[in-house]
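First comes the structure, then the notes that go with it.
What you see is a predicted model, and the numbers here were worked out from it, not measured in a lab. First the proteins, then the strands, lettered A, B, ... as listed; each starts at 1. Only this structure's heavy atoms are used, side chains among them; waters, hydrogens and symmetry mates stay out.
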Protein chains: 2
Amino acid sequence: MSAREQPVKEQRRTRQRAAVDEVLDETDDFISAQELHSILRSRGASVGLATVYRTLQALADDGRVDVLRTGGGEAAYRKCARDEHHHHLVCRSCGATVEIAGPAVERWTSSVAKEHGYVDVAHTLEIFGTCPKCAGQS
Amino acid sequence: MSAREQPVKEQRRTRQRAAVDEVLDETDDFISAQELHSILRSRGASVGLATVYRTLQALADDGRVDVLRTGGGEAAYRKCARDEHHHHLVCRSCGATVEIAGPAVERWTSSVAKEHGYVDVAHTLEIFGTCPKCAGQS
DNA sequence: CCAGTTTTTGACAATGGTTGTCAGTTTACC
DNA sequence: GGTAAACTGACAACCATTGTCAAAAACTGG
Ligand SMILES: [Zn+2]
Ligand SMILES: [Zn+2]
Ligand SMILES: [Zn+2]
Ligand SMILES: [Zn+2]
């Protein structure tokens, strides 16, 4: 969703953070904190729920993962391939995600904002749908 | 955010629904259910919080108000001027809203989705910034 | 206006995701 | 090893939102 900068404050390497990071690396879909937590449980690597939330929050703040709010209002996280600003085409049912870039949209949003005198502009854009796989099995 | 169709099921006219509708008519910014509720309280027209939520929900379902999730994850509602599908340019600081339409974006999102085989597609797009008025007085 | 039927209301409980607390544990560094 | 500082986790607390259900209001036909 957004490119990030320098900060990356001092952080210690812990078993828990490594575990969360590992799951994120292996997962291609957007997943919620709770889902990530239960994946960890099911694989034996016990990590407190609060820690999962804190870790994801930190990663998101550093721009190392993308966040989006699902229809139900929960936050979903994903470690994206590209580092530059981009958007997502997400399956409502299974979370399957396609990263998409739209230079034209970027230009349009900033020109519209400028046109109305707005500054310090940002935007959110996500496309939701049902992926081919989920559509097949009704 | 979206145009709506026929249903508009049988509903009774009640003091509470009229009160909510009135506040929406007078308010030009996006407001949350809780804010709307406290406005009603402060003006003496007592309406239960659950009723406010239900009423807004119904209005949103019928497409008579637009909804957007704020950064904090709460839903904000607004009765927009135009009835067709459109998006918003919202001031982060004061909530001032400009309705915007972008046919090109609409085409782009659906073509991208189709291209990847996704069906039953929808999208969210909001632009946030600081309006001229708020930018002037730092 | 009246009684009957159906919808709506609201106080309150319950939910569910997320964050705060804080003592005990772990890490980083000398 | 020893210490300071960061981290963890069980659990409570939050807070927006939804569910419950008996009482109240809106409609309808007479
Ligand atoms: Zn899917
Ligand atoms: Zn963009
Ligand atoms: Zn403003
Ligand atoms: Zn659109």
**OP:** Classify the side chain of Arg12(B) versus the base of dT6(C) as yes if they form a donor-acceptor pair under 3.5 Å and no if they do not.
**Re:** yes

Subject >> Distance in angstrom units between Leu49(B) CG and dT8(C) P, rounded >> reply: 18 Å

**OP:** Take the protein atom CZ of Arg13(A) and the nucleotide atom C1' of dT25(C), then report the distance between them rounded to whole Å.
**Re:** 18 Å

**OP:** Would you please confirm or rule out a distance under 4.0 Å between OP1 or OP2 of dT19(C) and any side-chain N or O of Gln57(A)?
**Re:** yes

Original post:
Could you state the CG-P distance from Leu59(B) to dT8(C), rounded to the nearest angstrom?
Top reply: 13 Å

**OP:** Spell out, as yes or no, whether a donor-acceptor pair under 3.5 Å connects the side chain of Glu126(A) to the backbone of His88(A).
**Re:** yes

**OP:** Could you work out which one of dT18(C), dT8(D), dT8(C) sits closest to the side chain of Thr14(B)?
**Re:** dT8(C)

Original post:
Leu56(B) has an atom CG; how far is it from atom P of dG10(C), in whole Å?
Top reply: 14 Å

Subject >> Length of the OH-C1' vector between Tyr53(B) and dA13(C), whole Å >> reply: 16 Å

Subject >> Salt-bridge contact Glu26(A)-Arg43(A) (side-chain N to carboxylate O under 4.0 Å) >> reply: yes

Subject >> Electrostatic pair Lys79(B)-Asp25(B), nearest N-O below 4.0 angstrom >> reply: yes

Original post:
Which is it for Arg15(B) and Glu22(B) under the salt bridge (Lys or Arg N to Asp or Glu O under 4.0 Å) test, yes or no, and what are the steps along the way?
Top reply: CA-CA 10 Å; Arg15(B) 168 180 67 78; Glu22(B) 191 177 68; over 6 Å; no

Original post:
If you take atom types as modelled and just measure distance, does the side chain of Arg54(B) reach the base of dG10(C) with a donor-acceptor pair under 3.5 Å?
Top reply: yes

Original post:
Expressed in angstrom and rounded to an integer, what is the separation of Gln11(B) atom CD from dT7(C) atom C1'?
Top reply: 10 Å

Subject >> Strand-adjacent residues in residues 34-46 of chain A, judged by heavy atoms under 4.0 Å from DNA chain D >> reply: Ser46(A)

Original post:
With a non-hydrogen cut-off below 4.0 angstrom, is Arg15(B) in contact with a base, only sugar-phosphate, or nothing?
Top reply: sugar-phosphate

**OP:** Return yes if some donor-acceptor pair links the side-chain N/O of Thr97(B) with the main-chain N/O of Gly95(B) below 3.5 Å, else return no.
**Re:** yes

Original post:
Under 30°, 30 to 60°, or over 60°: which ring-plane class applies to His123(A) and His87(A), parallel, tilted or perpendicular?
Top reply: tilted

Original post:
Contacts to DNA chain D from residues 16-31 of chain A, heavy-atom cutoff under 4.0 Å, which residues?
Top reply: Gln16(A), Arg17(A)

Subject >> Donor-acceptor contact below 3.5 Å, side chain Arg64(A) vs main chain Leu56(A) >> reply: no

Original post:
Side chains of Gln34(A) and Tyr53(A): donor-acceptor distance under 3.5 Å anywhere?
Top reply: yes

Original post:
Roughly, in whole Å, what's the span from CD in Glu74(B) to P in dT19(C)?
Top reply: 13 Å

Subject >> Tyr118(A) and its side chain to side chain contact (heavy atoms under 4.5 Å, CB included) partner, picked from Thr130(B), Val90(B), Leu89(B), Ile127(B) >> reply: Leu89(B)

